[in-house]
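To start, the structure itself, in structure tokens.
Chain letters run A, B, ... following the sequence lines, proteins first, then strands; residues in each count from 1.
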Protein chains: 2
Amino acid sequence: MEELTERKKQILNIIIQNYLETGEPVGSRTISKYPDLNFSPATIRNEMADLEEMGFIIQPHASAGRIPSDKGYRFYVDGLIAQKDREITEIKDVMFERTERMEQVLKQVVKVLANNTQYATMISAPAISGTKVKFVQLSPVNEHQLLSVVMMSGNIVKNKLIELDSPLTAEETLKLNMLLNSSLNGLTIGDINLALIAQMKSQAGEFEDIIEQVLKTVADTIEDEEGLEIYTSGATNIFKYPELADSQRAKDFIEAFEEKEELKDLIADIESTGEGEPGTGIQVYIGDESPIGSMKDCSVVTATYELGDGIKGTVGIIGPKRMDYKNVMDNLTSIKKKLEQIVKG
Amino acid sequence: MEELTERKKQILNIIIQNYLETGEPVGSRTISKYPDLNFSPATIRNEMADLEEMGFIIQPHASAGRIPSDKGYRFYVDGLIAQKDREITEIKDVMFERTERMEQVLKQVVKVLANNTQYATMISAPAISGTKVKFVQLSPVNEHQLLSVVMMSGNIVKNKLIELDSPLTAEETLKLNMLLNSSLNGLTIGDINLALIAQMKSQAGEFEDIIEQVLKTVADTIEDEEGLEIYTSGATNIFKYPELADSQRAKDFIEAFEEKEELKDLIADIESTGEGEPGTGIQVYIGDESPIGSMKDCSVVTATYELGDGIKGTVGIIGPKRMDYKNVMDNLTSIKKKLEQIVKG
DNA sequence: TGTTAGCACTCGAATAGTTGGAGTGCTAAT
DNA sequence: ATTAGCACTCCAACTATTCGAGTGCTAACA
């Protein structure tokens with residue numbers, strides 16, 4: 001893949017910026033009108049054909065202008081991330097005064113962010129990310145019940161009664177115990193990802209139900225202890241963006257916000273991949289890059305905030321791919337700073 | 001208004017039931033095909049014209065069949081409520097086993113209900129409804145701040161600092177104190193309804209902002225103490241009903257579920273009006289009867305559950321006007337029973 | 001060689017007609 | 001009181017038709 005010439009970059013940026021503003025496909029005539037680009041539409045068209053061939057832009061249909069592809073957005077966003085001088089948009093709300101409880105603060109944060117950006121927002125409560133599984137023990141209670149005991153670091157123990165469809169032999173129980181311990185020992189919640197779960201299930205064969213229930217216990221334990229609580233706001237902002245507002249998509253999207261399970265997966269993914277550009281703590285998922293199916297036509301921008309001692313949380317904004325990335329990143333940076341100040345100040 | 005003849009009742013019931021099933025306007029031909037009604041379409045049409053004149057049914061447009069009006073639904077629902085032999089649809093989920101915390105149970109309840117009915121559901125945590133306002137005191141702190149102190153029964157005290165646009169004279173403060181105490185003293189949260197608020201505001205004249213803030217403090221106090229928590233589920237089920245699924249309506253509806261403030265108003269209203277038919281504890285709001293604007297095209301069916309000692313909560317289902325009232329009422333009755341058993345068993 | 005004017009072409013969005021059927025109200029006959 | 005018959009209405013679905021924005025290509029040009 002050849003490098004982009006300066007002029008191509010310029011045109012690509014114009015296309016993206018214009019599309020972000022208007023939401024309409026951008027044509028060659030429009031671009032040629034930009035003052036810093038003195039070329040005829042025909043010339044622009046040639047360049048656009050190249051850009052399309054390289055995969056940066058797309059033609060929705062033959063007689064329309066171009067819109068950015070995911071790769072195009074990625075180019076644009078990477079450019080934004082590179083320029084470090086993030087402008088701190090002062091959050092002017094009277095928040096963070098009289099912080100009765102962290103919970104209140106977080107609820108305010110998502111609301112303010114949703115208001116400022118007009119996108120959907122979420123935040124995870126600060127949590128210690130180090131809690132690890134120490135051991136797991138399945139013990140038969142009777143023919144139809146199995147007691148699962150999970151111990152986490154810090155000697156936190158949690159029990160759960162699992163109902164069995166059919167009795168388990170002692171040997172089978174032993175095998176399951178070994179599988180669980182060898183797979184889970186020493187792992188944090190962040191390490192337990194979908195791939196691992198799938199793998200364990202396949203190894204467990206017919207007992208995958210039990211695996212699932214044990215994992216649920218582990219998850220419950222960690223959540224209870226760490227309080228992996230997620231607050232959201234502005235999910236209905238999705239209706240502001242016609243390309244997302246059809247009912248099936250909107251339903252799935254809002255459901256993800258109502259259930260919050262998928263959001264937890266997302267946050268786990270974020271925290272496991274580590275922060276994007278060093279220092280900023282800001283990460284951007286464009287379209288399919290996000291692990292959540294119902295958000296494949298969205299972009300997700302997140303920031304991780306740290307309160308010291310490994311206590312951290314994630315705050316994120318989810319909107320259409322053509323979101324105002326700059327504003328969103330500024331807001332997140334600002335919020336991140338504010339949150340981190342709470343502890344110190 | 002003349003009484004309905006037996007035949008008119010029969011026809012009206014057929015129209016409603018058919019419309020509930022199909023969602024399509026019901027024509028005279030369709031009705032005449034019912035086995036227990038041996039009349040020609042023409043005869044039915046005459047009756048239908050009468051029913052329309054009386055306001056029980058509506059013609060969406062000139063060449064369509066009829067659909068029930070709110071009054072029609074009311075007729076039908078009243079008929080349902082009258083027949084006391086509510087069928088207890090056994091909730092077959094494994095719920096209520098191992099009730100770790102009430103919170104968990106309630107979250108399960110709304111989910112199960114939403115699944116069973118395919119409507120949106122809500123439940124308020126059981127709360128002591130007896131907490132009353134003992135006194136309210138406004139004290140000037142300085143020119144721009146006013147301290148409001150609210151004491152509730154049980155000697156629960158809550159403070160809030162109110163910002164003033166302009167200073168208040170001693171006389172004005174006294175007047176406000178008197179107004180607040182005379183209006184609020186001895187009232188429970190249920191007694192403080194919109195009408196009362198409006199009345200107080202009008203009496204307060206230019207100080208209505210202050211009244212509002214004081215009332216907010218009262219509400220906050222009660223909530224904190226009583227934990228008026230609301231759990232919801234299935235808000236996105238609204239997309240299943242085309243007549244409600246247009247984006248503006250859906251947005252407002254789902255927003256109400258996200259914010260929960262309006263739901264609290266609704267529950268306050270329910271608890272203040274007392275239970276509908278004695279014994280059942282089931283109440284039905286059809287369309288405009290509900291106090292929530294975003295639900296004017298919906299029906300709300302609620303049941304109040306009591307855990308004894310004045311501790312009670314409200315569980316409700318919100319769906320389209322053409323909801324399956326019978327199934328919904330059965331489900332609510334069943335849940336109500338189950339919840340009340342938790343304490344006893 | 002890079003740029004541009006000109007032109008035929010394509011495609012979607014919007015608008016306007018066309019049709020068919022379901023349902024009605026009215027009248028006159030039973 | 002009931003019903004058959006009929007003219008009428010209106011929506012929903014479908015089918016042109018038009019319009020304009022935008023393209024790719026070719027040939028001319030600097």
message = Between A/Asp70 and A/Arg74, does any side-chain N to carboxylate O distance fall below 4.0 Å?
response = no

query = Starting at CD1 of A/Ile11 and ending at P of C/dG2, how long is that distance when rounded to a whole Å?
reply = 15 Å

ask   = How long is the line joining CD1 of A/Ile58 and C1' of C/dC11, in whole Å?
value = 18 Å

key: Nearest-Å distance for atom pair CG/P, residues B/Asn46 and D/dA1   = 11 Å

ask   = Going by atom types alone, do A/Asp50 and A/Asn46 pair a side-chain donor with an acceptor below 3.5 Å?
value = no

note = From CD1 of B/Ile67 across to P of D/dC11 the rounded distance in Å is 14 Å

ask   = Between C/dG6 atom P and A/Arg29 atom CZ, what is the distance in whole Å?
value = 13 Å

request  = Round to the nearest Å and state the distance from A/Glu52 atom CD to D/dG22 atom P.
outcome  = 15 Å

message = Applying salt bridge (Lys or Arg N to Asp or Glu O under 4.0 Å) to A/Lys326 and A/Asp330, what does each step give before you reach the verdict?
response = CA-CA 6 Å; A/Lys326 188 151 163 27; A/Asp330 288 352; 3.5 Å; yes

message = Let's see if you can work this out: which of C/dC11, C/dA5, C/dC26 has an atom nearest to the side-chain heavy atoms of A/His61?
response = C/dC11

query = Under a 4.5 Å cut-off applied to non-hydrogen side-chain atoms, are B/Asp269 and B/Tyr285 in contact?
reply = yes

note = Whichever of A/Gly27 and B/Ser40 has the more 5' nearest nucleotide on DNA chain D, that residue is B/Ser40

side-chain N/O B/Arg66 vs C/dG25 OP1/OP2, d < 4.0 Å = yes

query = Does OP1 or OP2 of D/dT9 have a side-chain N or O of B/Ser63 closer than 4.0 Å?
reply = no

ask   = Any idea which of C/dT4, D/dT2, D/dC25 is nearest the B/Thr43 side chain?
value = D/dT2

inquiry  = Can you identify which nucleotide, out of C/dT4, D/dG24, D/dA4, has its nearest atom closest to the A/Gln59 side chain?
reply    = D/dG24

inquiry  = I want to verify a distance call: between D/dT2, D/dG24, D/dG5, whose nearest atom is closest to the B/Phe39 side chain?
reply    = D/dT2

ask   = According to a strict under-4.0 Å criterion, is A/Arg7 in side-chain N/O contact with OP1 or OP2 of C/dT3?
value = yes

query = A/Glu24 has an atom CD; how far is it from atom P of D/dA21, in whole Å?
reply = 12 Å

task = Choose from C/dT10, D/dC10, C/dT4 the nucleotide whose nearest atom is closest to any side-chain atom of A/Ala42.
result = C/dT4

request  = Hey, could you give me the OH/CD distance between B/Tyr73 and B/Glu289, rounded to the nearest 0.5 Å?
outcome  = 12.5 Å

query = Rounded to whole angstrom units, what separation is found between the CG atom of B/Asn38 and the C1' atom of D/dT3?
reply = 13 Å

